[in-house]
Amino acid sequence: MDREIKGNTRLENCPLTFAMNMIGGKWRLPILWAIRQNETLRYNELKRTVEGITNMMLSQSLKELESNGLIVRKQYLEMPPRVEYSLTAEGEELVDHLRALASWGKRMQNLQGQG
């Protein structure tokens, strides 16, 4: 007799998988944290703040975060050109949720003797 499995098991339809794909990768979270701590950062400030990131990875990650609606890129028409990055309302909300996840992670580290 076949047993019915409740819930959607297709990962591509899972909201959590969708969210994790938006912020996954090595550099997206450090970029989000850096912008959140400083409210607005220019490209070179981000490059200095996010240790170890290459220009190519920073540019790519910024484009992905912008296309995901988590950051906004504002370009000023002046010489030399100035570009600033800040969080959108969705990015701000995400950081609040990430803080809760970080708190949970810290508690789990302590429970497992790794903190």
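Positions are given from 1 along the sequence.
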Please tell me if the side chains of [X] and [Y] come closer than 4.5 Å, counting only heavy atoms from C-beta onward.
X     : Y     : result
Lys74 : Arg82 : no
Arg28 : Ile31 : no
Gln60 : Trp27 : no
Trp33 : Val50 : no

Within one Ile-Leu-Val-Met-Phe-Trp-Tyr cluster: [X] and [Y], side-chain cutoff 4.5 Å:
X     : Y     : answer
Val83 : Leu62 : yes
Leu29 : Val72 : no
Leu70 : Met20 : yes

To the nearest 0.5 Å, what is the distance between [atom1] ([X]) and [atom2] ([Y])?
X     : Y      : atom1 : atom2 : answer
Arg48 : Ile53  : CZ    : CD1   : 14.0 Å
Leu98 : Glu93  : CG    : CD    : 10.5 Å
Ile23 : Leu101 : CD1   : CG    : 7.5 Å
Asn21 : Leu16  : CG    : CG    : 9.5 Å
Met22 : Leu94  : CE    : CG    : 8.0 Å
Leu65 : Ile71  : CG    : CD1   : 5.0 Å

Output yes when a side-chain donor or acceptor of [X] lies under 3.5 Å from a complementary backbone atom of [Y], and no otherwise.
X      : Y     : value
Thr88  : Gly69 : yes
Ser103 : Arg99 : no
Ser67  : Glu64 : yes

Test log, rule side chain to side chain contact (heavy atoms under 4.5 Å, CB included), inputs Arg107 and Asn110: CA-CA 5 Å; Arg107 194 174 86 245; Asn110 291 335; 5.6 Å; no
Hey, is CD on Glu51 packed in by over 12 heavy atoms from elsewhere, all under 6.0 Å? no
Side chains of Tyr85 and Glu66, donor plus acceptor under 3.5 Å: no
Which heavy atom of Ser86 sits nearest to which heavy atom of Glu39, and what is that distance? CB-O, 3.3 Å
